[in-house]
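Structure first, commentary second.
Just follow the structure's listing: the first ligand is 1, and inside any ligand the first atom is 1. As the structure is a computational prediction, the values presented were derived from the model and not from experiment.
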Amino acid sequence: MRKKIVAGNWKLNKNLEEGLSLASEIINIAKDELHNQAILVINPPFIHLSSLQKLIPQNTNIRLGSQNCYHQKSGAFTGEISAEMLKSVGVQYTIVGHSERREYFNETAEQLAQKVKLLLEVGITPIFCCGESLSIRESGSHLAFVAQQITDSLFDLSVEDIQKIVIAYEPIWAIGTGKTASSAQAQEMHAYLRNHLAQKYSQEIAQNISILYGGSCNPQNAKELFACADIDGGLIGGASLKSRDFITIAQSF
Ligand code: 13P
């Protein structure tokens with residue numbers, strides 16, 4: 001059975017006090033009201049990780065995640081954070097290759113492949129993001145484009161390692177725009193990517209990889225999206241900043 005996952009990407013939002021308060025609300029509401037098997041991942045800014053880790057009780061389905069890591073192990077890279085450092089503060093999931101990082105920070109497919117490798121080495125699950133721009137979708141090449149992103153950064157992984165990856169399909173035109181992909185558009189892409197993984201590895205392996213949808217996912221549309229055969233949860237931006245909305249999305253399986 002594939003894991004059902006709802007991950008909140010807080011991006012550049014919330015100071016420490018606000019972040020701790022949001023995380024506490026999520027933890028408390030989840031404890032009382034979330035009774036399905038969904039794994040909740042909270043991805044705050046780096047500097048909140050250590051404090052937030054102390055809030056998360058043992059034996060819950062809530063996990064700590066980060067939004068990025070550096071693509072080198074250690075060394076003279078002022079201002080960067082390594083996979084090993086993240087591991088040392090209790091991080092279990094890390095978002096890799098978000099379209100905002102690809103676009104604003106010029107992250108390349110090779111760097112993303114290195115990040116994935118370093119995260120796996122320390123036992124952190126990468127949430128590998130992929131997705132096309134509006135112009136690529138309108139040109140009709142979106143399926144091949146997104147599959148190529150996966151080929152370029154993930155297809156050097158061993159059979160063992162590919163099974164440790166979570167994929168997040170986030171069409172860029174749906175991020176922060178309020179314009180979500182329809183469930184048919186999302187399902188088409190997810191099924192295509194799963195088939196792409198099956199061609200390279202095997203059907204059995206592809207069936208076990210969780211593929212999340214991200215892009216204006218909210219309490220109103222989550223149920224329809226999550227009902228699709230190949231959608232295993234969501235990577236949530238704006239709606240993850242409101243505890244009630246985030247939990248409602250997690251209850252949408
Ligand atoms: P929104 O949910 O705000 O559209 O953001 C999606 C996203 O980028 C999550 O990583």
Side-chain angles (χ1 to χ4, degrees), residues 3-14 18-19 22-23 26 38-46 48-49 63-69 86 91-105 107 112 115-116 119 124-134 136-137 142 145-146 149-150 153 165-183 185-186 189-190 193 210-226 228 231-253:
K3 281 190 186 127
K4 303 287 187 197
I5 300 171
V6 173
N9 177 6
W10 290 7
K11 307 190 180 182
L12 184 59
N13 293 293
K14 304 288 175 191
E18 293 163 347
L22 173 59
I26 292 169
I39 292 173
L40 286 188
V41 188
I42 300 177
N43 300 265
F46 285 133
H48 305 353
L49 286 168
R63 307 278 183 269
L64 188 63
S66 74
Q67 300 172 21
N68 185 29
C69 71
L86 294 172
V91 166
Q92 290 171 282
Y93 288 80
T94 292
I95 298 169
V96 173
H98 192 281
S99 58
E100 288 150 16
R101 296 217 55 91
R102 292 179 191 253
E103 184 179 348
Y104 307 140
F105 302 94
E107 293 192 351
L112 303 183
K115 292 183 191 212
V116 165
L119 289 164
I124 293 176
T125 301
I127 302 177
F128 180 81
C129 299
C130 52
E132 82 286 358
S133 64
L134 188 58
I136 290 174
R137 177 158 285 264
H142 49 287
F145 177 87
V146 180
Q149 288 181 317
I150 288 183
S153 296
I165 304 286
V166 171
I167 290 173
Y169 167 57
E170 298 204 303
I172 296 169
W173 46 272
I175 295 176
T177 57
K179 186 174 184 279
T180 185
S182 68
S183 54
Q185 286 172 320
M189 178 64 79
H190 284 226
L193 297 180
S210 297
I211 308 181
L212 316 183
Y213 168 79
S216 298
C217 186
N218 60 40
Q220 287 72 45
N221 58 32
K223 240 193 174 73
E224 188 181 333
L225 287 161
F226 295 178
C228 296
I231 300 182
D232 306 307
L235 180 54
I236 319 298
S240 76
L241 299 172
K242 295 186 188 133
S243 52
R244 175 57 62 188
D245 285 1
F246 189 54
I247 299 292
T248 304
I249 292 170
Q251 286 167 324
S252 302
F253 290 105

Below 4.0 angstrom from a heavy atom of Gly176, which ligand 1 atoms are there? Numbered from 1 as shown, please.
1 (P), 3 (O), 4 (O)

Applying a strict 4.0 Å limit to heavy atoms, is Gly215 in contact with ligand 1?
yes

Going by the order shown, which atoms of ligand 1 are within less than 4.0 Å of some heavy atom of Glu170?
6 (C), 7 (C), 8 (O), 9 (C), 10 (O)

With a 4.5 Å limit on heavy-atom distance, are the side chains of Ile172 and Leu134 in contact?
no

Just to confirm my output: which protein heavy-atom neighbour is closest to atom 2 (O) of ligand 1, and how far is it?
Gly237 N, 2.9 Å

Do any N/O atoms on Asn9 end up under 3.5 angstrom from N/O atoms on ligand 1?
yes

Taking heavy atoms and a distance under 4.0 Å, where does Ala168 meet ligand 1: side chain, backbone, both or neither?
neither

Among the heavy atoms of Ala174, does any lie under 4.0 Å from an atom of ligand 1?
yes

Strictly under 4.0 Å, does any heavy atom of Ala239 approach an atom of ligand 1?
no

For atom 3 (O) of ligand 1, what's the nearest protein heavy atom and its distance?
Gly238 N, 2.8 Å

Within the 4.5 Å heavy-atom criterion, are Ile247 and Leu40 side-chain neighbours or not?
yes

With atoms numbered from 1 as shown, which atoms in ligand 1 lie under 4.0 angstrom from a non-hydrogen atom of Leu235?
9 (C), 10 (O)

Taking the side chain as every heavy atom from C-beta outward, state whether Val96 and Arg101 have any atom pair closer than 4.5 Å.
no

So is Ile175 polar-close to ligand 1, meaning N/O to N/O under 3.5 Å?
no

Would you call the rings of His190 and Tyr213 parallel, tilted or perpendicular if under 30° counts as parallel and over 60° as perpendicular?
tilted

Inter- and intrachain pairs under salt bridge (Lys or Arg N to Asp or Glu O under 4.0 Å), touching residues 217-226, at least two apart
none

Ligand 1 to Thr177 polar contact by distance, N or O atoms, under 3.5 Å:
no

Suppose I only count heavy atoms of His98 and a 4.0 Å limit; which atoms of ligand 1 are within that range?
7 (C), 8 (O), 9 (C), 10 (O)

Which side chain to side chain donor-acceptor pair (under 3.5 Å) pairs, counting each pair once, include a residue from residues 3-14, with sequence neighbours left out?
Lys11-Glu100

Just by distance, no angles: are the side chains of His98 and Gln67 close enough, under 3.5 Å, to form a donor-acceptor pair?
no

For residues Pro45 and Leu12, determine if any side-chain heavy atom of one lies less than 4.5 Å from a side-chain heavy atom of the other.
no

Go through the steps for Lys115 and Thr94 under the test side-chain contact (heavy atoms from CB on, under 4.5 Å), then give the verdict.
CA-CA 10 Å; Lys115 292 183 191 212; Thr94 292; over 6 Å; no

